[in-house]
Q: 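For reference, the structure I am asking about is given below.
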Amino acid sequence: MYRVRIAPSPSGNLHVGTARTALFNYLFAKKNNGQFILRIEDTDLERSDKEYIKNIFDSLKALGLNWDEGPDVGGDYGPYSQSERFDIYPEFAKKLVEAGFAYECFCTPEELEAEKELSAKNKQAYVYSGKCKNLSDEEKLKRQEEVPAIRFNVSKAQKAFHDSSELSFNDLVKGVLKQDTSLIGDFVIMKSNGTPTYNFAVVVDDMLMKISHIIRGEDHISNTFKQILIYEALGAQAPKFGHLGMILAPDRSKLSKRHGATAVSEFTEKGYLTEALVNFIALLGWSPSDGQEIKSVNEIAEDFRIHDVSSSNSIFEYDKLNWMNSQYIKKLDIETLKNALRPFLAQYDLSGLTDAQYTRMVEITREPLTILSDITNDVPYFFGDTVKVEPEVQAEVLDTETSRKVLREFYNDAQNWEFSEEALHEKLDEFRAKFKEQGIKPKETMWAIRAAVTGRTRGADITAVLAILGREKVLGRVNSELVNSA
RNA sequence: GCUCCCAUCGUCUAGAGGCCUAGGACAACACCCUUUCACGGUGUAGACGGGGAUUCGAAUUCCCCUGGGAGUACCA
């Protein structure tokens, strides 16, 4: 049975990079009928926050990445928050110490700092000296007041399970990866405050939770060697590993706040649809076998093969995400869209519109939307008795003689028009024809009306706009334009 | 500094020795459609980082260089 997991640390909102890792794990699980587990890595209490945990839950769910086991839904291998597992780690650390694969270290931060400075001075890679490795019982007794950290004995584990100092494993996406373990210093597995370090907690948890495959970012490659050694020292079978390339910002640096949104929730707040986001993120490193890029998570899962995932980094560019988002908006059914748009219409008084009018407004304004928040600036002219006319529109369109003539006649003619879309269509046809005979292009005729009523030269279908506004507002706006420019 | 990873159009990618005068998508540009904007349609431009080696033949294999990224904590 394949079991994979996503193990975010709640020190921030769910990052798109983490979301992609989660997605690939989810896809792998779905494709192979496996289980997808959520574990919260909150061993560093200082940096963890409940708010972030909620954000992680909500974002993952919004993306459609539902987990089979996790802190909220439980499961057979819980608890699923590391902070609730603190009593588990010491016993495994003790086992390692007893077997000689780990030892107590009394070094002070100052001593460690000195070691690091020395190796920096000698332009050498810092490797812990191992000075506490062979402390005599006598010395330990002398120091019994101090609380030691526990370090993993790298060379002992390496020698116990491998012929040379080289350690290698076959990565699911990158192939064979190697590392000379003599370059890995004896690292801390239990801090002197009694909590486990990341590398130790992950191994213990993944082992206990029977995780079979670990798919994560390539920033973990160096950790993997340490972790494999711990698995071996613990007498456990190491899972298979797959390391994904990183997601970079357009300037090829790490994606950070400086580049805009980084959290999934920020994207949704800006008006990105989670379906589009997840689809876009899947395309970073993976490509569909049929060339059809717009796909649901389930469709992607069917086509997903971890071995086909690209091992290089990829850059997060908004262009394609924007296009994709617009495609997903087009596919939304009208009721869903109406609701999705509401938060972005908060500044307008929607109660002034009937449901039918609101529906129609959305129907005629949805086409150019790239992100949902675009709607905010696309609809002001649907509200209020008056309208704000843009200066250029005033000068270039409304202040022409042609426009004034059109508007004067429109004001007269439309007095007894029925302001339904159908009727308007017919009337406007006639209206345009009348001016066409006088050498005024249909385009110009409509521009004048649009400009006076909406204050803009571009926007939604004008016939529908007029119908939604109704005769009173339309003629009111036309009249004030005529009065103002008279 | 040391260690590791990566390298095809601006971007995401297809490509696992001949099917490649390198394909697709986004973006760009042009044209068409059109009572605006947009959508849509049709086209154009655009890449194998450099150098060696292997081979009858290399984007595909190997080596070196260069470039980019990551790790180097009692953070995760």
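Nothing here was measured: the structure is a model prediction, and the numbers come from that model. Lettering of chains follows the sequences in order, A, B, ..., and the numbering in each one begins at 1.
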Q: Flag this pair as yes if the NZ/CZ of A:K226 is under 6.0 angstrom from the six-membered ring centre of A:F187 and inside a 45 degree cone about the axis; otherwise no.
A: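 Yes, a cation-pi geometry.
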
Q: NA contact type, A:K116, heavy-atom cut-off 4.0 Å: base, sugar-phosphate, or nothing?
A: sugar-phosphate

Q: Please compare A:S192 and A:F225 by the position of their nearest nucleotide in RNA chain B and report the one closer to 5'.
A: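 Mapping each residue to its closest nucleotide by heavy atoms, the 5'-most match is A:F225.
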
Q: A:E113 near the nucleic acid: base, sugar-phosphate alone, or nothing, with a heavy-atom cut-off under 4.0 Å?
A: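 No contact.
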
Q: Just checking A:L177: base, sugar-phosphate only, or nothing, at a heavy-atom cut-off of under 4.0 Å?
A: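 Sugar-phosphate only.
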
Q: Partner of B:rG18 by Watson-Crick or G-U wobble geometry, both contacts under 3.5 Å, or none?
A: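 Its partner is B:rC56.
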
Q: What are the bounds, 5' to 3', of the part of RNA chain B that sits under 4.0 Å from heavy atoms of chain A?
A: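 Under 4.0 Å from chain A, the extent on RNA chain B is B:rG1 to B:rA76.
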
Q: With sequence neighbours excluded, what pairs up with A:D49 under the salt bridge (Lys or Arg N to Asp or Glu O under 4.0 Å) test?
A: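 Salt bridge (Lys or Arg N to Asp or Glu O under 4.0 Å) list for A:D49, sorted by chain: empty.
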
Q: Sequence neighbours left out, what pairs pass side-chain hydrogen bond (donor to acceptor under 3.5 Å, both in side chains) with at least one residue falling in residues 362-375 of chain A?
A: A:R360-A:E363

Q: If each of A:P8 and A:K330 is mapped to the nucleotide of RNA chain B with the nearest heavy atom, which maps nearer the 5' terminus, i.e. the 5' end?
A: A:K330

Q: Heavy atoms only, 4.0 Å cut-off, all strands: where does A:N223 land among base, sugar-phosphate and nothing?
A: base

Q: Report which part of the nucleic acid A:R456 touches: base, sugar-phosphate, or nothing (heavy-atom distance under 4.0 Å, all strands).
A: nothing

Q: What is the pairing partner of B:rG46, taking Watson-Crick or G-U wobble pairs with both distances under 3.5 Å in any strand?
A: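 Here B:rG46 is not engaged in any pair, so there is no nucleotide opposite it.
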
Q: May I ask you to say what A:G285 touches in the nucleic acid, namely base, sugar-phosphate or nothing, with a heavy-atom cut-off under 4.0 Å?
A: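 A:G285: backbone/sugar contact only, no base atoms under 4.0 Å.
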
Q: In Watson-Crick or G-U wobble terms, both distances under 3.5 Å, what is the partner of B:rC26?
A: B:rG10

Q: With sequence neighbours left out, what residues match A:Q158 under side-chain contact (heavy atoms from CB on, under 4.5 Å)?
A: A:H162, A:L167, A:T181, A:L229

Q: Quick one: label A:R450 by what it contacts on the DNA or RNA (base, sugar-phosphate, nothing), any heavy atom closer than 4.0 Å.
A: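 Base contact.
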
Q: Residues two or more places apart in sequence or in another chain: which of them pass side-chain contact (heavy atoms from CB on, under 4.5 Å) with A:T224?
A: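 With neighbours one apart ignored, the set is A:F169, A:R216, A:I228, A:F241, A:H243.
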
Q: For A:G245, which contact category applies under a 4.0 Å heavy-atom criterion: base, sugar-phosphate, or nothing?
A: nothing

Q: Which atom pairs, donor and acceptor, lie under 3.5 Å between side-chain atoms of residues 436-445 of chain A and protein residues at least two apart or in another chain?
A:
residue	atom	partner	partner atom	Å
A:Q438	OE1	A:K405	NZ	3.1
A:E444	OE1	A:K441	N	3.2
A:T445	OG1	A:K441	O	3.2

Q: For B:rU72, which nucleotide is its Watson-Crick or G-U wobble mate, given both distances must be under 3.5 Å?
A: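 Across any shown strand, B:rU72 pairs with B:rG1.
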
Q: So, A:E409 and A:K434, do they make that salt bridge, N to O below 4.0 Å?
A: yes

Q: Report which part of the nucleic acid A:T457 touches: base, sugar-phosphate, or nothing (heavy-atom distance under 4.0 Å, all strands).
A: base

